[in-house]
Number of protein chains: 2
Amino acid sequence: MAESMLGLKRSHRCTEVTSSNAGETVTVMGWVQKSRNKGGIIFVDLRDRSGILQIIFEESDCGAESFAKAEKLRSEFVIAVTGHVEKRAGGVNENLATGDIEVRAESLRILSESETPPFPIEENSKTKEELRLKYRYLDLRRPDIQRNIMVRSQAAIITRAFLAEEGFFEIETPTLIKSTPEGARDYLVPSRVHPGSFYALPQSPQLFKQLLMCSGYDRYFQLARCYRDEDLRADRQPEFTQIDMELSFVDVEDVLDVNERLLKRLFKEICNFDLELPIPRMTWREAMDRFGSDKPDMRFGMELKNVSNVVGGSEFAVFKNALEAGGSVRGINANGQGAMPRKKIDALVEFAKGFGAKGLAYIAIAEDGTYKSSFAKFMTEDELHALVEAMEGKPGDLLLFAADRDKVVFDVLGNLRLELAKQQDLLKKDDFKFLWVTEFPLLEYSEEQGRFVAMHHPFTMPMDEDWHLIDSDPGAVRAKAYDIVLNGTEMGGGSVRIHQGDIQSKMFEVLGFTPEQAQEQFGFLLDAFKYGVPPHAGLAYGLDRMIMLMVGADSIRDVIAFPKVKDASDMMTEAPAPVDEKQLEELGIEVSETEE
Amino acid sequence: MAESMLGLKRSHRCTEVTSSNAGETVTVMGWVQKSRNKGGIIFVDLRDRSGILQIIFEESDCGAESFAKAEKLRSEFVIAVTGHVEKRAGGVNENLATGDIEVRAESLRILSESETPPFPIEENSKTKEELRLKYRYLDLRRPDIQRNIMVRSQAAIITRAFLAEEGFFEIETPTLIKSTPEGARDYLVPSRVHPGSFYALPQSPQLFKQLLMCSGYDRYFQLARCYRDEDLRADRQPEFTQIDMELSFVDVEDVLDVNERLLKRLFKEICNFDLELPIPRMTWREAMDRFGSDKPDMRFGMELKNVSNVVGGSEFAVFKNALEAGGSVRGINANGQGAMPRKKIDALVEFAKGFGAKGLAYIAIAEDGTYKSSFAKFMTEDELHALVEAMEGKPGDLLLFAADRDKVVFDVLGNLRLELAKQQDLLKKDDFKFLWVTEFPLLEYSEEQGRFVAMHHPFTMPMDEDWHLIDSDPGAVRAKAYDIVLNGTEMGGGSVRIHQGDIQSKMFEVLGFTPEQAQEQFGFLLDAFKYGVPPHAGLAYGLDRMIMLMVGADSIRDVIAFPKVKDASDMMTEAPAPVDEKQLEELGIEVSETEE
C-alpha cells in the first residue's frame, strides 16, 4: 500500500529540525532506519540524506489509525510524518545530530513499503562488495557512500566556480570521435549511417581542447567523461571523469599557479586542510633518484641512496655484475627495523622479486652495533662499514639494497619503501603531501613496439635546451610536462603543448608515423597549426582519484555512484548484454563465430 | 618562424585595456585581425576572445627589428606586443570597445605565423556551412560563434550554481549502459571482455536518476551527455546535452516552482530579460484546441476555432465528410490578410497539404465586407455569414479552414498559424514567451507498432483521477507530465514518476511487455521498487536548444563547438571512419558484407 503525499509538503529534512524548532509542527519524510515498540510507545529513527531524527508515536497523540500504521513500520519503509517538536524527555542522544529533540507524531502516511533488504543499510558495511554492487541502489543509501558522493558533487561545483572566476569557459567537446592508434585501446561505436565505419569514445578531449586554443577561447575547462578499454586494475574504470583544462599564452608557471590555488581552495573547503603554497617541485630525475618513483609519497622519508661508488671495488658478484652491466646499487634505510625477524625480511625479499629483483641484500644493525647481513661473507669489514656509513646506519636500523639495471632498482626500492611505510603505519590518509614532478622524459623506449613512444602524449613540448638531441639521443630529451602527486598518487598531469607545426611533424616522425599516417590521423590538427596557434598548455586531473584521496576511500568504486567491476560489467544492470539481431543488422555488423 | 614567449607575460586581454590605463605599459597577445601600412605607420587590429585593440607601430617607437617584423604581419598571425597605452589621437572609433585608445608598440614577437585562411574570420559569415565546418577551428574564431559558446558556458555555470543553492547534488551516471528497446534507437558499444555483448550509450539518465531517488539523494542534477541514433533533423544532433534533474518528496508544483526560478535567473543574467512568474500554464487539451500544437508559440494570437457546430448542417462535402468520420472543422483568422493574392493563398494550400491536409478552405473578407471564398458555392449565404461571425471575421481578414481527423486538423492549422506569423514577421527572437503545457496523455497509439506507446516514457505517473480508465480507455488517461515551452519550442519536459511497483508493472503490461521482458529489461528498477521508493519527479532541458533560443541562433550547430552534420559525421575530423581490422578482431565483431 503506497499512500499519496497529496496535500502534504515537507517542511524540513531530518537534521534540519533542531531544538530551535521546539514547539513547532513539522512535516518530515524519509526512510525508517529502525522501529521499536517499547511499552506501547513506538520509536522510529527516520533517515534521509541529512541524517537521523527520532519520531515517537503514541496513540493518544496520533490517533488509532496512524498508530496502527506505525505498528506495521519496518526498516526502509518510506513515510511522511507530521508532528510536534519537543526537547527530548529521556536525555540527550549524543550519537545523533538531532539527539536533543524528538518529534511526537500527529499523523503518518506510508508512502512506500519495503521488503527486508538483502543486507543492512549501515556505515562501514561488512557485506561483501559483489552483493552490494548488485543492489547498488541500496548500497548507495549507506551514509558513508552518501558522504563520498556528496563530496564529489561539492568538489565539482567548487572547481567550476573557481575556474569560471579565473576566466575559464566550460566548453563541451564531442564524445563520438575518430579512433586514433596512439595511446590505450579505444571503445568503438559502429555507425549505422556509414556501415563499416566507427566512432571512438574519447580517451581524453586532448585534440579538441588544443583546437579550442587555436580558435582563441583562451581558457577552457570541462569535467569530461573519458573512456579506455583496458584490463581494469583496482583504481581504474572503463569510463572515468577528468577535470580537464587548457590555457593560451602561458608557460609552465602560469599553469602551476592557477592549479595550486584551485587545489588550495578544494582542500580547504572540503577537507578543511590548509595547503601551503607554493607546492614543492621536484624534477623527474630527482624523484627517481631519491624515491625510486615518479610519484613519490612525501609523507615519510626512507629515501633511496646510490651506493654504487661505495661498493665499486667490492668483489660481491651481485653488486659487481650490476655495476658492470651499467646498472647501480642503491639502498634504503628502514630506521629502527634492525630487529625485524628473519621471516619478515624473507617476505620483503619475495616482495622485491615481484618487482623484478633477483634478490635483496640487507644489513641489520643490532642495538650493540654488530651487523647481521645476507652478504657479509662477500665483503670486507671495511667495505661493510663504509656501506653502513653511507646509508647513515645507526644501531637498530635495517639497510636494504638492490643491484640491477636502474629501472629495476628504482621499481624495487620505490615499492619496498612504500611497503615498509605501510607496515610501520606511516601513511595517514588525512596527512596531505602534495608535490609537482617536472621535466619528465619526452619519450620512453618501448621494448614491445621496438620504438620510442610518447611518455605523456605526442603533443607535449620538448624543453628548448634539449630539442637538439631529438635525433642523436631521443631518450635524453626532457619535456615541459608536469604531474601533480598527492600522497604517492598521480592525481593529475599535463604539459606545455607543441604549437609549431614543424616540431609537431618531427614528433610524429620520431614516434614512427609516416607523414601520410600523421596526416590521416591528425590531419585536422596539423592543418589547424597552419593558421596561427597561440602557445598553450594544460592539465587534467582524474576526478575519481582526487575524490578518493579527499575522502580516504580504499576503492575508486566508493566514489562513483554506479561503478563497473573488473570485467567492465555493471553488476546491477548486467550491462553489457547481447542485443537484438535487428540492431546489429541496422549497424551492418555481425558477432564473429567463436572458436571455442 | 615561431618565437617563444619566454620572459613575456600577458598583462591584459585586448579589451581589458581602457583609457584608465593611459600612460601605462601593457603586454597583449592575440591574432592579427587586419594590418595596414599608412605612410610608414603600421596599424594592427589585434583580436582575442574579448574583442579588438588597435596597435600602432612606428619605427621610432619600436626600433628597426620589431618594425621589420610588423611589416610582415598578415591576418591570423599570433603576436605578442608590449607597448604604451595612449588616448587615441585620431578620434574615437565608436565601433570598438577600445575605440578611445591605442597601444604604441615598443616590441613585437611573432608567436605563430598563418597561411591565408580559406575564408575570412568575420561576424555573420557568408561562407557556406560545409566549408566552415571543415575548418571548424577557424569558424570558431568568429565573434558571433564565440559569443554563443561563451553564453553556453555561462548558462551551465549559472544552472549549476543555482541548483547547488537549492540543495541539488550533481551526480554522474554511467554512459556505458544496457540497451533498452523502448524509445529511440541506441548507439551500441561492443564489449571486448564479453564478446557478443554490447553496451548502449544512454538516451537519458532516466533510470539512474530514479534509482538515485530510491537511494535517498533527494535532489539530483547533471548536465548529461545523451545519445540518439536517429536520422537527424535540423535541430537534432547524435549527441546532445541535457540539464537533467530529479527531486524526491515532491509533486508537480514543487518541480515547476524551482524550475521557474531557475529560468528567471538564467534569462535575467544572460539575456537581461525579466521573466514574470508564475509562468502561464495550459493543459495539453487546451493547447491543442487553441493552437493546434503541444508547444504553442505564444508570441502572437491567431488561435484556432472549432466551427464544427457552425457548419454541422452544411452540405459542403469536405466539411460533411470530415464531421461524419468523427473529425472536426476548425479555422484560424489571419487578421488583415484578406487582400492576400491568390498565388500566396495557393502556396498556403500547398503548405497545408504538406501536413496531410486534402485541401484548405478559405474566406477572404474584402474591405467592403464582401466575401471571396473557395467554397462559397457549396454554402448558403447564411451559413457563410455564421461562419464569418464565429471566426470574428472583419473586413480585411482572411479565414482559413481545415476539415479532417482532429490530428490532421491540428497539425495543419498549428503549422499554418506559424507560417502566417513568419510571413507577417511576428516572431521576434528576443520576445520570450514561456508556457507550461500540462496533463499530457499518458499513452498514444502507434499505428506502426499496433499498440499504445508511452508519450513521455514508461515511468510517467498517470493522473490519479484517470487511472481507472487504463484498461477500458487507455488513450484517455492523462499523465502528471509537463513541458516547458518557449516561443513554440519545447525546451524541456518531465513528469512525476511512478513510485509504486504495481502501477509500474501495469504500465509495462499496457505497453506490450510480457512480465519476463519487463524483468529482463528493467528488472533492477522493479527490484529497487521493492525496497522503499520515495515519491519523485523530474525534468530535463535540452541545453543546446535552450542556448539556441537565448542567443537567437538559427541552427543548433551554432551553439555546439564541434557539431555533426545531417549524416551524423564530423566534417573536420571525418569521423566516423573505418578502423584497423585488429581492433574489430579484439572486439569479436565483423563488418557485414554489403549487398550492393
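In the text below, chain A, chain B and the rest are named by the order of the sequence lines, each starting its count at 1. Note: hydrogens, waters and symmetry copies are ignored here, and every other heavy atom, side chains too, is used.
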Review point. For B:Val189, is it the side chain, the backbone, both, or neither that has a heavy atom closer than 4.5 Å to a heavy atom of chain A?
Key: both
Check your understanding: Side chain, backbone, both or neither: which part of B:Ile121 has a non-hydrogen atom closer than 4.5 Å to chain A?
Key -> neither
Study note, to complete from the structure: Counting heavy-atom pairs under 4.5 Å with chain A, the top scorer among B:Asp229, B:Leu211, B:Asp251 is B:Asp229
**Study point:** Within-4.5 Å side-chain heavy-atom neighbours: A:Tyr531 and B:Tyr135
**Key:** yes
Point to revise | Which residues share a side-chain hydrogen bond (donor to acceptor under 3.5 Å, both in side chains) with B:Arg10, sequence neighbours left out | key: A:Asp218
Check your understanding: Where does B:Leu207 contact chain A at under 4.5 Å (heavy atoms): side chain, backbone, both or neither?
Key -> neither
**Study point:** Rounded distance [0.5 Å steps], CD in B:Glu574 versus OG in A:Ser197
**Key:** 10.5 Å
Revision key, fill the gap. Most heavy-atom pairs under 4.5 Å with chain A, out of B:Met150, B:Met572, B:Arg185, B:Lys178, belong to B:Arg185
Review point. Between A:Glu253 and chain B, which part of the residue has a heavy atom less than 4.5 Å away: side chain, backbone, both or neither?
Key: neither
**Study point:** Top of A:Asp48, A:Ile177, A:Leu138 for chain B proximity - count of heavy-atom pairs under 4.5 angstrom
**Key:** A:Leu138
Exercise for review: Check step by step if side-chain contact (heavy atoms from CB on, under 4.5 Å) holds for B:Leu201 and A:Tyr187.
Suggested key: CA-CA 12 Å; B:Leu201 299 177; A:Tyr187 277 105; over 6 Å; no
Exercise for review: Against chain B, work out which of A:Ala528, A:Pro563, A:Gly523 has the most heavy-atom pairs shorter than 4.5 Å and name it.
Suggested key: A:Ala528
Check your understanding: Going through the distances and angles, do A:Val78 and B:Phe249 end up as a side-chain contact (heavy atoms from CB on, under 4.5 Å)?
Key -> CA-CA 10 Å; A:Val78 179; B:Phe249 301 114; 3.6 Å; yes
Review point. Using non-hydrogen atoms only, which part of A:Leu8 is less than 4.5 Å away from chain B: side chain, backbone, both, or neither?
Key: neither
Point to revise | A:Ile171, part contacting chain B, at a heavy-atom distance under 4.5 Å | key: side chain
Check your understanding: What residue, out of B:Glu585, B:Arg136, B:Lys564, has the most heavy-atom pairs lying under 4.5 Å from chain A?
Key -> B:Lys564
Exercise for review: Using the salt bridge (Lys or Arg N to Asp or Glu O under 4.0 Å) rule, take A:Glu170 and B:Arg160 through it: C-alpha gap first, then chi angles, then the decisive distance, then the call.
Suggested key: CA-CA 12 Å; A:Glu170 182 170 16; B:Arg160 289 194 168 96; 2.8 Å; yes
Study note, to complete from the structure: Okay, A:Val533 and chain B: the region with an atom under 4.5 Å from a heavy atom over there is both
Practice item. Report yes if the side chains of B:Trp31 and A:Pro534 come closer than 4.5 Å at any heavy-atom pair, otherwise no. Key: yes
**Study point:** Contacting moiety of A:Glu520, where chain B heavy atoms sit under 4.5 Å
**Key:** neither
Practice item. Please look at A:Val32 and chain B and tell me whether the side chain, the backbone, both or neither of the residue comes under 4.5 angstrom of a heavy atom of that chain. Key: neither
Review point. Given a strict heavy-atom distance threshold of 4.5 Å, which part of A:Ser75 is in contact with chain B: side chain, backbone, both, or neither?
Key: neither
Check your understanding: Can you find a pair of side-chain heavy atoms, one from A:Lys530 and one from B:Ser114, that are under 4.5 Å apart?
Key -> no
Study note, to complete from the structure: Most contact-rich option vs chain B, by heavy-atom pairs under 4.5 angstrom, among A:Gly196, A:Ala200, A:Pro174, A:Ala568, is A:Pro174
Exercise for review: Identify which part of A:Arg74 has an atom lying under 4.5 Å from any heavy atom of chain B, answering side chain, backbone, both or neither.
Suggested key: neither
Revision key, fill the gap. Whatever's closer than 4.5 Å to a heavy atom in chain A on B:Thr116 counts as backbone
**Study point:** Heavy-atom closest pair, residues B:Arg49 and A:Gly216
**Key:** CB-O, 3.3 Å
Review point. With a 4.5 angstrom heavy-atom cut-off, which part of A:Met29 approaches chain B: side chain, backbone, both or neither?
Key: both
**Study point:** Pair B:Glu590-A:Ser592, side-chain donor/acceptor within less than 3.5 Å
**Key:** yes
Exercise for review: Identify which of B:Ala575, B:Ser215, B:Gly167 forms the greatest number of heavy-atom pairs closer than 4.5 Å to chain A.
Suggested key: B:Ser215
Point to revise | Interface moiety of A:Gln500 toward chain B, non-hydrogen atoms closer than 4.5 Å | key: side chain
Exercise for review: Please look at B:Gln154 and chain A and tell me whether the side chain, the backbone, both or neither of the residue comes under 4.5 angstrom of a heavy atom of that chain.
Suggested key: neither
Review point. Looking at side-chain heavy atoms only, is the closest gap between A:Tyr217 and B:Leu140 below 4.5 Å?
Key: yes
Check your understanding: With side chains defined as the heavy atoms from C-beta onward, is the minimum distance between B:Ile149 and A:Leu212 less than 4.5 Å?
Key -> no
Exercise for review: Find the one option among B:Ala561, B:Ala577, B:Cys214 whose heavy-atom pairs under 4.5 Å with chain A are most numerous.
Suggested key: B:Ala577
Review point. Is a side-chain donor-acceptor pair under 3.5 Å present for B:Tyr227 with A:Thr175?
Key: yes
Practice item. State whether the side chain of A:His499 and the backbone N or O of B:Leu111 hold a donor-acceptor pair below 3.5 Å, judged by distance alone. Key: yes
Point to revise | Side-chain heavy atoms of B:Phe208 within contact of A:Thr573, under 4.5 Å | key: yes
Exercise for review: Sort out for me which of B:Val193, B:Val579, B:Ile503, B:Ile145 touches chain A most, counting heavy-atom pairs under 4.5 Å.
Suggested key: B:Val579
Check your understanding: Got a salt bridge between A:Arg192 and B:Asp231, using NZ or NE/NH1/NH2 to carboxylate O under 4.0 Å?
Key -> yes
Exercise for review: Apply the side-chain contact (heavy atoms from CB on, under 4.5 Å) test between A:Pro576 and each candidate in B:Ser191, B:Pro190, B:Pro195, B:Ser179; give the one that qualifies.
Suggested key: B:Ser191
Check your understanding: Using 4.0 Å as the upper bound for N to carboxylate O, is an ion pair formed by B:Lys9 and A:Asp254?
Key -> yes
Review point. Are any of the side-chain heavy atoms of B:Arg152 and A:Phe169 separated by less than 4.5 Å?
Key: no
**Study point:** With sequence neighbours excluded, residues passing ring-ring contact (aromatic ring centres under 6.0 Å, His included) with A:Tyr137
**Key:** none
Check your understanding: Checking heavy atoms, do the side chain of B:Arg13, its backbone, both or neither come under 4.5 Å from chain A?
Key -> side chain
Check your understanding: Using non-hydrogen atoms only, which part of A:Ser50 is less than 4.5 Å away from chain B: side chain, backbone, both, or neither?
Key -> neither
Review point. Which pair of heavy atoms, one from B:Gly532 and one from A:Arg141, lies closest together, and at what distance?
Key: O-NH2, 2.8 Å
**Study point:** Region of A:Leu543 in contact with chain B, defined by heavy-atom distances below 4.5 Å
**Key:** side chain
**Study point:** NZ/NE/NH1/NH2 to OD/OE distance under 4.0 Å, A:Glu172 and B:Arg225
**Key:** yes
Practice item. Hey, could you give me the OG/CG distance between B:Ser153 and A:Leu163, rounded to the nearest 0.5 Å? Key: 10.0 Å
Review point. How many angstroms lie between atom CG of B:Asp570 and atom CG of A:Leu176, to the nearest 0.5 angstrom?
Key: 10.0 Å
**Study point:** Portion of B:Asp502 that has a non-hydrogen atom of chain A nearer than 4.5 angstrom
**Key:** neither
Check your understanding: Would you call A:Tyr199 and B:Glu239 a side-chain contact if the rule is heavy atoms closer than 4.5 Å?
Key -> no
**Study point:** Heavy-atom contact with chain B under 4.5 Å, split by part of A:Arg142
**Key:** neither
Check your understanding: Highest number of heavy-atom pairs under 4.5 Å with chain B: which of A:Leu525, A:Leu584, A:Ile79?
Key -> A:Leu584
Review point. Does any heavy atom of chain B fall under 4.5 Å from the side chain of A:Lys134, the backbone, both, or neither of them?
Key: neither
